[in-house]
Amino acid sequence: MAMESKFEHNKVEAKIYSEWEKSGAFEPRGQNPYTILMPPPNANASLHAGHGMYTIDDILARFRRMQGYAVRWIPGRDHAGFETQFVYEKNLAKEGKSRLEYDRQTLYQNIAKFVEDNSGLIFEQFRRLGFSADWERAVFTLDPQVVDMVYQTFRRMVNEELVYRSDYLVNYCPHCGTSLAELEINHVERTDKLYYIKYGPLTVATVRPETMFGDSALSVHPKDKRYTSYVGSEVLLPLTTRKIPVIADSMVDMKFGTGVVKITPAHDPNDFEAGKRHKLPTIRVIDQLGRMTLPKDVMISEINGMKVKAAREKTVEELQKIGAVEKIDEHYLHAVTVCYKCGRDMEPMTVPNWYIRVEGLKSPVVTAIKKKKTRFYPQKFEKQILEWMKIMHDWPISRQVVWGIRIPAWYSTTENLDLGVTFLNKEGKPVSGKIGELLKTSTLTEIEAGLQTLSAPTMAKYVVSESKPAGDYLQETDTFDTWFSSGQWPLVTLKEDEYATRYPTDVMATMADILRMWVSRMMMFGLYVRGEVPFKNVYLWSTVTDAKGQKMSKSKGNVINPIDLVDKYGADAFRMALLFGNGEGGKVPLVEDKVRAMRNFANKIWNMARFYLLMQEGIKREKQGVSENIEDKKILKELGEVEKKMTSLLEKYRFAEAADTIYHFLWHTVADEYIEQVKKREDKGVALNGLRQVLLDSLKLLHPFMPFVTEAIWQEINPGEGMLIVAKWPEVR
RNA sequence: GGGUUCGUAGCUCAGUUGGUUAGAGCGCCACAUUGACAUUGUGGAGGUCAGAGGUUCGACUCCUCUCGGACCCACCA
């Protein structure tokens with residue numbers, strides 16, 4: 001069958017891919033293991049341009065496979081707790097429903113179904129890109145063995161006293177009744193009133209006077225001479241009978257306002273940190289419904305129970321009565337955080353959370369990196385992760401979301417009467433209160449069946465158990481932070497007998513912006529659980545952007561769907577375009593022109609093969625040994641150099657330069673020079689031999705980058721022979 | 001404010017131990033082309049490698065400063 005004059009990717013890609021899968025070409029063969037774990041994409045996600053960079057994994061897998069390694073590239077899916085629940089709730093909202101209508105179990109099952117319905121698509125899309133992973137080995141982060149591992153690790157950490165509970169300041173939306181992650185917060189600029197309030201001799205500027213009842217201190221800058229004499233003294237908190245200390249902290253900006261700051265640890269992120277530093281009490285004055293709950297020392301009792309805004313007005317009014325308002329700046333422009341859903345102000349407040357102590361977990365990571373147990377490419381990332389390990393603080397691992405692995409801690413309802421509980425009663429109506437009170441009107445079984453959320457005081461007693469302990473217990477409703485489970489990815493993806501030979505894995509290639517969130521955690525867990533780093537090499541890439549270097553986002557309308565480009569230009573062109581000319585660690589602009597150029601390249605080599613085959617039809621190839629022709633000698637020498645260079649570049653993770661090398665060799669040396677010279681040769685039989693060797697070897701070198709077109713050409717030249725089974729990476733001496 | 005990083009052709013970017021005329025893709029100009037390929041070929045225009053200073057026999061490459069971006073973190077009560 002004669003080759004067509006164009007490489008028609010649409011006609012061959014699907015066929016080639018199914019041949020690969022059927023022939024077991026991705027199965028590990030050979031002795032020496034080589035292992036790559038795929039960073040698990042969100043289970044319900046569909047392919048975006050960034051996933052295209054998994055091409056890096058595929059290049060390594062194919063390269064090492066051709067070199068004779070027993071390659072395993074294990075894929076997976078992440079349940080992506082918060083983000084998935086966020087997407088799910090958006091869908092619910094379209095139907096006019098809210099998560100608050102469901103008990104916890106039902107909600108979980110609904111989300112599970114939602115994820116299942118939307119799952120699977122991304123692996124199909126990965127196949128379109130030619131990825132040669134072990135699909136049947138795919139792991140989902142909610143699979144039983146993952147949950148087991150997470151429980152085991154957690155239990156061990158509890159036993160070793162690495163786990164503690166503490167209040168953590170979260171962004172809470174009283175209207176929506178939930179705490180929100182950074183993802184869900186909008187920052188808006190707004191003009192508000194800035195009140196100057198006299199606390200005895202000192203004046204404080206604030207936009208939130210109503211939170212003053214939760215003040216634990218006033219703070220000034222240590223170098224601020226105006227106030228030095230006040231540091232260490234106490235002032236009376238207006239409208240109360242309480243005295244608070246004046247402290248010095250360098251976080252204070254001397255130039256802002258009066259240079260005196262009120263410290264309200266329960267309702268401000270900065271103050272929360274300052275409160276920790278100075279061991280100040282955390283006094284909550286706003287509850288989760290956004291109403292004031294004042295301590296007894298407050299003299300204006302009407303404010304108790306008021307909503308925040310009303311409380312602010314009332315507070316100012318009362319302050320004015322006693323002459324404590326020095327002035328009001330009506331036009332203070334500042335940034336406020338608002339709920340992405342309802343647009344209302346976020347209320348920072350403290351909620352009990354689970355933490356792990358990281359101090360002891362960090363140092364093995366630092367040591368391992370310094371000893372080069374794990375190497376980073378590009379190297380600058382080593383500096384970044386070491387810097388991060390320095391400043392990393394204790395990690396809050398609990399999230400107030402349903403979709404995730406539920407923390408296996410149980411509270412006795414007879415010993416912890418002050419457990420806060422919200423559940424749907426038999427009529428489906430939400431009921432909130434302390435468990436001690438609720439049990440007077442409802443049974444524990446009813447409460448457990450309708451349970452929505454539970455909030456245990458930080459001092460509550462608990463037991464860790466995978467199943468319900470005997471007696472009256474309720475399980476924690478918080479789930480683990482997604483990174484707590486995905487951080488153990490290298491500990492759950494291999495089979496038990498593989499750990500001896502495949503751990504540490506060879507390479508982890510992922511996006512640079514999760515170096516801290518994910519890579520550092522995997523190293524921590526790997527060293528903690530197995531005493532060894534989880535991977536020997538880390539390769540990091542930056543965000544895939546549009547042609548102008550802008551991040552892709554729906555709001556900008558610059559999102560490129562990779563599959564559209566694959567349809568139009570072929571998977572090979574798409575893959576090659578992501579690598580070609582893009583330096584390591586830099587941004588990866590996805591430019592359609594470049595994809596087209598790479599499609600042209602695929603077509604170019606297709607036609608080089610076509611030229612060879614057409615020439616072969618008329619002439620017999622000489623089955624002779626070494627050619628004496630000077631052009632043959634020259635090209636073979638150059639081929640040898642290219643083979644050496646490609647091998648070395650791929651071993652050093654220099655993909656862009658490798659892509660460039662093979663591109664130029666094929667197009668500008670083989671096609672432009674060697675083939676043109678072959679046309680003029682008298683000894684065509686000999687020339688054909690040289691051309692064949694150059695072509696076949698070049699196909700091998702290009703194959704990791706452009707698997708489909710190289711396979712298609714290979715089969716044209718060697719009918720009935722699968723390239724993946726036959727082709728070996730050229731030996732380099 | 002802290003940290004990281006970048007500023008090279010019209011655009012997007014390569015240029016890893018400092019060493020002859022600084023490269024690619026796309027775009028542009030001229031010409032060619034009916035026996036691999038117009039998804040082509042040949043040739044060409046286009047850069048004081050952000051600026052200043054320093055180290056060196058020699059700097060796009062190393063150091064310092066200035067100007068101008070990017071990102072991450074912390075963010076003005």
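Reminder, nothing fancy here: chain letters follow the sequence lines and each chain counts from 1.
Counting heavy atoms from C-beta outward, Tyr196(A) and Val325(A) have side chains that stay 4.5 Å or more apart. In this structure, the side chains of Met53(A) and Leu578(A) come closer than 4.5 Å at one or more pairs of heavy atoms.
Counted by atom type alone, Asn582(A) and Trp541(A) present zero donor-acceptor pairs between their side chains at under 3.5 Å.
For the pair Glu8(A) CD and C37(B) P, the interatomic distance rounds to 14 Å; values are reported in whole Å. Spacing between atom OH of Tyr569(A) and atom C1' of U39(B) amounts to 10 Å, rounded to whole angstrom units. Spacing between atom CH2 of Trp606(A) and atom C1' of U40(B) amounts to 18 Å, rounded to whole angstrom units. When the C1' atom of G15(B) is taken as reference, atom CG of Asn582(A) falls 14 Å away, rounded to whole Å. Across the protein-nucleic acid pair, Trp667(A) atom CH2 and C37(B) atom C1' stand 9 Å apart, rounded to whole Å. Rounding to whole angstrom units, NZ of residue Lys604(A) and P of G25(B) are separated by 12 Å. Distance Ile675(A) CD1 to U42(B) P: 12 Å, rounded to the nearest Å. The distance from atom CE of Met598(A) to atom C1' of U12(B) is 12 Å, rounded to the nearest whole Å.
Scanning both residues, Ala266(A) and Leu169(A), for their nearest heavy atoms gives O-CD1, 3.2 Å. The two atoms that bring Ser698(A) and Leu639(A) nearest to each other are OG-CD1, 4.1 Å, heavy atoms only. Annotation for Ala609(A) and Ile717(A): closest pair CB-CD1, 4.4 Å, computed over non-hydrogen atoms.
Every residue two or more places apart in sequence or in another chain was checked for a salt bridge (Lys or Arg N to Asp or Glu O under 4.0 Å) with Arg610(A), and none qualifies. Remark: Lys390(A) engages Glu387(A) in a salt bridge (Lys or Arg N to Asp or Glu O under 4.0 Å) (not counting sequence neighbours). With sequence neighbours excluded, the residues forming a salt bridge (Lys or Arg N to Asp or Glu O under 4.0 Å) with Lys568(A) are Glu592(A), listed by chain and number. Evaluation of the salt bridge (Lys or Arg N to Asp or Glu O under 4.0 Å) rule for Asp513(A) yields no partner, not counting sequence neighbours. Residues passing the ring-ring contact (aromatic ring centres under 6.0 Å, His included) test with Tyr612(A), sequence neighbours excluded: none.
Base pairing in RNA chain B yields stems of at least 3 consecutive Watson-Crick or G-U pairs, both distances under 3.5 Å, namely B:1-7 with B:67-73, B:10-13 with B:23-26, B:28-32 with B:40-44, B:50-54 with B:62-66.
Residue Asn600(A) is in base contact, counting any heavy-atom pair closer than 4.0 Å across all strands shown. Here Lys679(A) lies in heavy-atom contact (under 4.0 Å) with a base.
Comparing the same atom, C1', in C60(B) and in C26(B) gives a spacing of 23 Å after rounding to whole Å. Comparing A36(B) with G41(B), their P atoms sit 14 Å apart, to the nearest whole Å. If you take atom P in C62(B) and the same atom in G18(B), they sit 8 Å apart, rounded to whole Å. Comparing C72(B) with A59(B), their C1' atoms sit 31 Å apart, to the nearest whole Å. Straight-line distance between the C1' atoms of U61(B) and U8(B): roughly 12 Å, to the nearest whole Å. If you take atom C1' in C71(B) and the same atom in G19(B), they sit 35 Å apart, rounded to whole Å. With both ends at atom C1', the span from C28(B) to G2(B) equals 46 Å, rounded to whole Å. With P as the reference atom, G46(B) and A9(B) are 14 Å apart, rounded to whole Å.
For Arg596(A), the side-chain atoms get nearest to G27(B) when compared with the rest of U12(B), G27(B), G3(B). Distance from the side chain of Asp672(A) is smallest for G41(B) among the nucleotides U39(B), G25(B), G41(B). Nearest nucleotide to the Lys6(A) side chain, out of U39(B), G25(B), A36(B): U39(B). Of the candidate nucleotides C26(B), G25(B), A36(B), C26(B) has the atom lying nearest to any side-chain atom of Asp593(A).
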Considering only nitrogen or oxygen atoms on both sides, find all protein atoms under 3.5 Å from nucleotides 8-10 of chain B and state each distance.
none

If you restrict it to nitrogen or oxygen atoms, what contacts under 3.5 Å exist between nucleotides 16-24 of chain B and the protein, and what is each distance?
unit_1: U16(B); atom_1: O4; unit_2: Glu584(A); atom_2: OE1; d: 3.1
unit_1: U16(B); atom_1: O4; unit_2: Arg654(A); atom_2: NE; d: 3.3

All N/O contacts under 3.5 Å from nucleotides 5-7 of chain B to the protein, with atom names and distances to one decimal?
unit_1: U5(B); atom_1: OP1; unit_2: Lys383(A); atom_2: NZ; d: 3.4

Show me the donor-acceptor pairs within less than 3.5 Å that the side chains of residues 645-652 of chain A make with the rest of the protein, sequence neighbours left out.
unit_1: Thr647(A); atom_1: OG1; unit_2: Glu643(A); atom_2: O; d: 2.7
unit_1: Thr647(A); atom_1: OG1; unit_2: Trp729(A); atom_2: NE1; d: 2.9

Contacts under 3.5 angstrom, residues 198-206 of chain A side chains, donor-acceptor by atom type, not counting sequence neighbours:
unit_1: Tyr199(A); atom_1: OH; unit_2: Asp215(A); atom_2: OD2; d: 2.6
unit_1: Thr203(A); atom_1: OG1; unit_2: Glu326(A); atom_2: OE1; d: 2.8
unit_1: Thr206(A); atom_1: OG1; unit_2: Arg208(A); atom_2: N; d: 2.9

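Cation-pi geometry between Lys604(A) and Phe7(A) is not met at under 6.0 angstrom from the ring centre and within 45 degrees of the axis.
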Would Leu218(A) and Val235(A) count as a side-chain contact (heavy atoms from CB on, under 4.5 Å) here? Give the steps. CA-CA 8 Å; Leu218(A) 293 185; Val235(A) 296; 3.8 Å; yes
Where do Phe580(A) and Tyr663(A) land on the ring pair (Phe, Tyr, Trp, His ring centres under 6.0 Å) test, with the steps shown first? CA-CA 9 Å; Phe580(A) 194 86; Tyr663(A) 177 96; 4.7 Å; yes
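The aromatic rings of Phe655(A) and Tyr539(A) stand perpendicular to each other, their planes meeting at an angle above 60°, with 30° marking the opposite boundary. Aromatic ring orientation, Tyr168(A) versus Phe272(A): perpendicular (interplanar angle above 60°, classes split at 30° and 60°).
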List the protein contact pattern of nucleotides 71-77 of chain B with one symbol per nucleotide (5' to 3'): B for base contact, S for sugar-phosphate-only contact, - for none; contact means a heavy-atom distance under 4.0 Å. -SS-SBB
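Both Ala671(A) and Ala597(A) sit near RNA chain B, but only Ala597(A) has its closest nucleotide nearer the 5' end.
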